[in-house]
Amino acid sequence: MRIASFVLISTFGLFACGTVPDVQSTDSDTGTGTETGTGTDTSTGNEPPTSNSGGATCVPGQSIACTCTNGEAGAQVCNQTGNGYGECECEGGGSNSDSDAPTTTPPDPTTEPGTSTDPGTSTDPGTSTDPGTSTDPGTSTTEADTTTGVTCDDPGPEPNEDEGSAVDLMNQGCNDEAQTITGVLSGDADVDWFQYHGEFGGFCGFGDPEAAHQLTASDDVRLCVFADCDMGTPDFDCQDGTTAEDSPEGRPGCCGDGDVAFTLNCMGGEENAQIFVRLDQAPADACVDYEVQYSYSGG
């Protein structure tokens with residue numbers, strides 16, 4: 001009895017002095033605790049320490065670990081009154097909440113793979129919004145270039161591509177000096193036509209006039225000469241190296257790759273005639289310069 005009275009008096013003395021006893025358990029058993037004589041388990045294991053004196057549950061200022069809602073570790077601090085812990089303080093500030101958790105934007109389920117919301121573009125292979133083009137092999141809306149031939153600098157009069165538009169060189173008499181035609185053929189599709197009036201009067205001597213044409217060119221071309229008498233029917237023979245050929249409008253003539261000349265007899269009239277000169281058949285994609293010296297003199 002004396003020992004019990006002494007313990008009770010000592011305990012009251014401690015509380016009277018304002019001293020809070022150390023309420024942490026010294027029990028090293030973290031699993032089952034220690035059974036008392038009455039059969040009551042007095043151990044709390046790893047749970048935050050508590051006290052059974054004066055309503056205190058922790059030591060003021062004491063910090064223990066806690067888990068934040070984002071899975072990271074935080075800390076709780078015992079309040080000044082020792083009756084509980086504050087909120088779990090997490091890294092980056094704030095309390096135990098999910099405001100600091102990283103956020104992600106889920107994919108839009110309405111957007112199909114291989115598409116894009118950028119107008120005018122697409123990641124779908126084989127398509128394009130560029131007008132006139134396509135990435136689909138073997139197809140294209142781009143029109144093919146339909147231009148052909150070559151463009152040359154022609155100093156001569158144009159157009160003169162047919163017999164009806166032949167350039168008129170006026171008269172060429174039997175006593176006139178030889179004249180010269182100059183021009184350029186632009187590839188194998190180009191044709192140049194010229195015409196002059198050959199005059200053979202009483203002062204030109206005896207015999208028939210010779211329509212002579214000498215060709216000089218930078219590449220191979222063909223020269224043709226056709227005759228149309230003012231009166232009568234043209235009669236002549238093509239010289240060696242030339243061949244007889246009619247013009248598109250039916251006038252007789254001679255063609256060759258070089259000089260062309262013939263002696264003209266207008267059957268049934270004077271030997272005055274309209275002479276047509278044609279140059280053609282230049283090499284493809286070539287600019288061919290040419291000169292033709294012509295005369296209509298007595299034979």
Do [X] side-chain atoms and [Y] backbone N/O form a donor-acceptor pair below 3.5 Å?
X	Y	result
E72	C90	no
S295	A178	no
Q179	E177	yes
N160	S165	no
T216	E291	no
T57	G84	yes
E271	N265	no
Q239	A261	yes
D162	A166	no

Around E270, counting heavy atoms of other residues, nucleotides and ligands shown, do more than 12 lie under 6.0 Å from its CD?
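Count not over threshold, so no.
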
V191 reachable from Y294 in the ILVMFWY side-chain graph, under 4.5 Å edges
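The answer is no; the residues belong to distinct hydrophobic clusters.
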
Same apolar cluster (I L V M F W Y, side chains within < 4.5 Å links), W193/V184
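The answer is no; the residues belong to distinct hydrophobic clusters.
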
Starting at [atom1] of [X], measure out to [atom2] of [Y] and round the result to the nearest 0.5 Å.
X	Y	atom1	atom2	value
I275	F226	CD1	CZ	11.0 Å
D235	C229	CG	SG	9.0 Å
F194	T182	CZ	OG1	7.0 Å
D219	Q281	CG	CD	12.5 Å
L185	R222	CG	CZ	11.5 Å
T233	M267	OG1	CE	8.0 Å

Kindly determine whether D257 and L223 satisfy side-chain contact (heavy atoms from CB on, under 4.5 Å), including the steps that lead there.
CA-CA 6 Å; D257 295 331; L223 172 63; over 6 Å; no

Over all heavy atoms of both residues, which pair between [X] and [Y] is shortest? Give the atoms and the distance, please.
X	Y	result
A273	C266	CB-SG, 4.4 Å
P234	D228	CG-CA, 4.4 Å
D168	Q274	OD1-NE2, 4.5 Å
C66	A75	SG-N, 3.3 Å
S218	C287	OG-O, 4.1 Å
T242	C238	OG1-CB, 3.4 Å

Considering only heavy atoms from C-beta outward, does the side chain of [X] approach that of [Y] to under 4.5 Å?
X	Y	value
Q62	Y85	yes
I181	L169	yes
S63	V77	yes

Pair [X], [Y]: side-chain N/O donor-acceptor within cut-off below 3.5 Å:
X	Y	result
T263	E210	no
E89	Q76	no
Y290	D192	yes

Stepwise side-chain contact (heavy atoms from CB on, under 4.5 Å) check, T180 with V292:
CA-CA 5 Å; T180 302; V292 178; over 6 Å; no

Please work out which of the three classes, parallel, tilted or perpendicular, describes the rings of F236 and F262, given edges at 30° and 60°.
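Parallel.
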
Measure up the Y296 and Y196 rings against each other and bin them: parallel (under 30°), tilted (30 to 60°), perpendicular (over 60°).
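Because their plane-to-plane angle is over 60°, the rings of Y296 and Y196 count as perpendicular.
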
Dump the intermediate steps for side-chain contact (heavy atoms from CB on, under 4.5 Å) on D230 and H197, then the final yes or no.
CA-CA 9 Å; D230 292 354; H197 187 247; 2.7 Å; yes

C254 and C224: sulfurs closer than 2.5 Å?
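No, because the SG atoms of C254 and C224 are not under 2.5 Å apart, which misses the disulfide cut-off.
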
Relative to F276, does R251 satisfy both conditions: NZ or CZ under 6.0 angstrom from the six-membered ring centre, and within 45 degrees of the ring's axis?
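Yes, a cation-pi geometry holds between R251 and F276.
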
Please determine whether side-chain contact (heavy atoms from CB on, under 4.5 Å) holds for the pair V221 and L215, giving the CA-CA distance in whole Å, both sets of side-chain angles, and the decisive distance to 0.1 Å.
CA-CA 9 Å; V221 296; L215 173 65; 3.7 Å; yes

Does the salt bridge (charged side-chain N to carboxylate O under 4.0 Å, His left out) test come out yes or no for E245 and R278, once each step is laid out?
CA-CA 12 Å; E245 184 173 328; R278 182 179 74 186; 3.3 Å; yes

